[in-house]
Amino acid sequence: MKGKLAETTVNFVKGVGPRRAELLNQLGIFTVQDLLEYFPFRYEDYRMRDLSEVSDGEKITVQATVYGAPYVQMYGRNKSRMVCKVIVSGMPVNAVWFNQHFLRERLRPGVDIVLTGKWDARRRQITVAESEFQAGKNRQTGRLQPVYSVSGDISQKWLRKVIKQALEQYGHLIEEVLPAELVHKHQLLSRREALFGVHYAENIDEGQAARRRMVYEELLMFQLKLQALKAANKNRKHGIAHPIDRAQVEEFIRSLPFTLTRSQQEVIDEILRDLREPGCMNRLLQGDVGSGKTVVAAAALFAVVKAGSQGALMAPTEILAEQHMRNLQRMYEPFGIQVDLLVGSMTEKQRRDVLASLQMGITDVIVGTHALIQEDVYFRRLGLVITDEQHRFGVNQRSILRRKGMDPDVLTMTATPIPRTLAITAFGDMDVSTLSELPKGRKPVKTYWVKHDMLQRIIVFMGKEMAAGRQCYVICPLIEESEKLDVQNAIDLHAQLQQAYPDFRVGLLHGRMPAAEKDEEMRKFKDAETHMLVSTTVVEVGVDVPNATVMVIYDAERFGLAQLHQLRGRVGRGEHQSYCILIADPKTEVGQERMRVMMETNDGFEVARRDLELRGPGDFFGTKQSGLPEFRFADLMSDFEILELARDDAADLIQRRDFWTSPEYAPLREMLQREKVLSGDILD
Ligand SMILES: Nc1ncnc2c1ncn2[C@@H]1O[C@H](COP(=O)(O)OP(=O)(O)OP(=O)(O)O)[C@@H](O)[C@H]1O
């Protein structure tokens, strides 16, 4: 939102100096508005409890009174353990602090203190994580506390303080942006109430109400934008009406080593129809893992090339770009179509050659990463761009191309199963095609969940599969905090497994390897020069090695369901029976349930549905689903109902005459203007 708060930088908040301002900037917080809209991702319950209500090992916050003298033991270098007797709920309890002996002076008998920490029922002891001496207005304990995503030198405590300070200083300037009728209709909090509410929530319900208001606002803006865009694009007749020769496309399809599924055939028809039209195609192609999206892309590119244009296929990684290029080269070989690769790791000379060949129109199809549509890349006649979900073709990319005199059709592919209704709503500016079946003859992947102590048996099993000529993936544990540790893990596991299988070749793939080396490892696995591939999650999307039949995932509980499904999708891509083995010791009931979901279903839509169910209300801001547009506040899967409301409201607003004139809607109109969806670039 434009306005005073969006123009006031954070250093105007009391207590924020230049250094702290810089730290906030690193969190993406530049203005007071950013700060106020920096929402907690969950709440920590510091509400006071009675000892009789808590069970062993729980985290608690209690009111205590010191009655003994603190006893300090020093050990190591500067390490300490301090014990002090306190009274909680009328009973004596030991409070233990680590490395905080500087508090010793303050622990005098009779002093009241609020302690937060872990309760050990057997020893009647609290291991203190936080202690607070006075119970004043700004006290952190004794209530629900927002937990923000922080990093490095910014502490929770400090950020809480600064946000509260900002609310005190600037809260009165928070302006409503939604029309009163909508606030009323959906019983939303006002913007001011919501921003106060989310940071000061007394209970989870208050937090949720605040969140709901912001989610609605965000989704309404999103829908207004989409619908304005779609309306603008509909009016365009500047796209290319490709003179598609149906018979040639049929010939290409007949040349493939398999027959298309009905779904593939239908989707290709839909795309060909779009391509013939003069308007710009903007279509989303979704299909579960292994449903055969690449062939559809190949047929579309083929059609466009035969109709006299060039095509571009953009992949999220160099490995995938390379894979696509080889596939296309193989498929197009009988047809004399020139496919070239353009990626970052090429030499300057190679790059120059490809650019020249593109510009002269010698290259028919260019495959690359997203660097492909850069300022200095020129096509002779670009007719179709195919890209993937994470890199949806945005307004900016379109306008870069348009400036170069091109207005290609666009196809976006996604493997994230999104319920069709959600897809249509979430991608309101696109038409949606779905591959709803897998190629014939695929056997469902058998999924097993095992504990770490089964490792030996897994090793024997993989040995047997490899002896039968198959290949295996082993995905290493993932340590989120440190990429370096991830890599080390992968290296160690690789060494162990190579030792376990002296007769087979084991490859290694991780994110820190140079791109050329990664490609080489991938190629070796693809050509079955290596029999096993130990990898971090870099193989996650799109890799296609039909001869691989085993996917072993270490520490599977650390991955999200969507990610596990993606990983599992790397096997079961050929005629052989495939297996997915999840090695996991989940500690929570939900964690165990997630493993069971994987065992029970192979269907991506079902996995997504169960995933949603398992995310309880405690999961305040949910886990982000890949494949859908990302938002600050909203999570499209769980906020689907609000999304539908917002869609209907947006449709209603846009066609209303007074929306474009009345002051009530000025903030929404300004947003649309700022986002350039109404400007000349789009509305010709
Ligand atoms: N109709 C078909 N019959 C048999 N095999 C097919 C058919 N269509 C595609 N395939 C093969 O199935 C495998 C998976 O296809 P593809 O790589 O296109 O899947 P995808 O939809 O891109 O999946 P993912 O999202 O998992 O990467 C490939 O080896 C492909 O050659």
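As the structure lists them, so they are numbered: ligands from 1, and atoms in each ligand from 1.
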Return yes when Gly287 approaches ligand 1 closer than 4.0 angstrom through a heavy atom, no otherwise. no

Heavy-atom neighbours of Glu333 CD exceed 12 at 6.0 Å: no

Distance col, row Arg568:CZ vs Met598:CE, nearest 0.5 angstrom, shows 3.5 Å

Parallel, tilted or perpendicular: ring planes of Phe504 versus His531, cut at 30 and 60 degrees: perpendicular

CD1 of Ile366 to CG of Leu355, rounded to nearest 0.5 Å, is 7.5 Å

Can you tell me how far apart CZ (Phe258) and CD (Gln264) are? Round to the nearest 0.5 Å. 6.5 Å

So Phe525 and Tyr473, would you call those rings parallel, tilted or perpendicular, with 30° and 60° as cut-offs? tilted

Is there any N or O on Gly292 that sits under 3.5 Å from an N or O of ligand 1? yes

Nearest candidate to atom 3 (N) of ligand 1, where distance is taken over non-hydrogen atoms, out of Gly569, Pro439, Gly604, Gly441: Pro439

To the nearest 0.5 angstrom, please state how far the OH atom of Tyr579 sits from the CD1 atom of Ile458. 14.0 Å

Check ligand 1 against Thr294 and write out every atom of the ligand that is under 4.0 Å from a heavy-atom position of the residue. 16 (P), 17 (O), 18 (O), 22 (O)

Please work out, at 4.0 Å between heavy atoms, whether the side chain, the backbone, both, or neither of Asp544 comes within that distance of ligand 1. side chain

Salt bridge check, Lys518 against Glu318: does any charged N sit closer than 4.0 Å to a carboxylate O? no

List ligand 1 atoms under 4.0 Å from Thr261, heavy atoms only on the residue side. 1 (N)

For ligand 1, which atoms have a heavy atom of Gln264 less than 4.0 angstrom away? 1 (N), 2 (C), 8 (N), 9 (C)

Which of the numbered atoms in ligand 1 are below 4.0 angstrom from a heavy atom of Ser291? 21 (O)

Between Arg570 and ligand 1, which residue portion shows a heavy-atom distance shorter than 4.0 Å: side chain, backbone, both, or neither? side chain

Using a strict cut-off of 4.0 Å, indicate which atoms of ligand 1 neighbour a heavy atom of Thr259. 1 (N), 2 (C), 3 (N)

Out of all atoms in ligand 1, which are within 4.0 Å of some heavy atom of Leu260? Include the element for each. 1 (N)

Is it the side chain (CB and beyond), the backbone, both or neither of Arg442 that lies under 4.0 Å from ligand 1, heavy atoms counted? side chain

Side chain, backbone, both or neither: which part of Leu435 has a heavy atom under 4.0 Å from ligand 1? neither

Would you find a donor on one side and an acceptor on the other, under 3.5 Å apart, between the side chain of Tyr332 and the backbone of Ala298? yes

Is the ring pair Tyr554/His452 parallel, tilted or perpendicular, if the boundaries are 30 and 60 degrees? tilted

Would you check whether Met413 reaches within less than 4.0 Å of ligand 1, judged by its heavy atoms? no

Output the list of atoms in ligand 1 that are nearer than 4.0 Å to some heavy atom of Pro546, sorted by atom number. 29 (O)

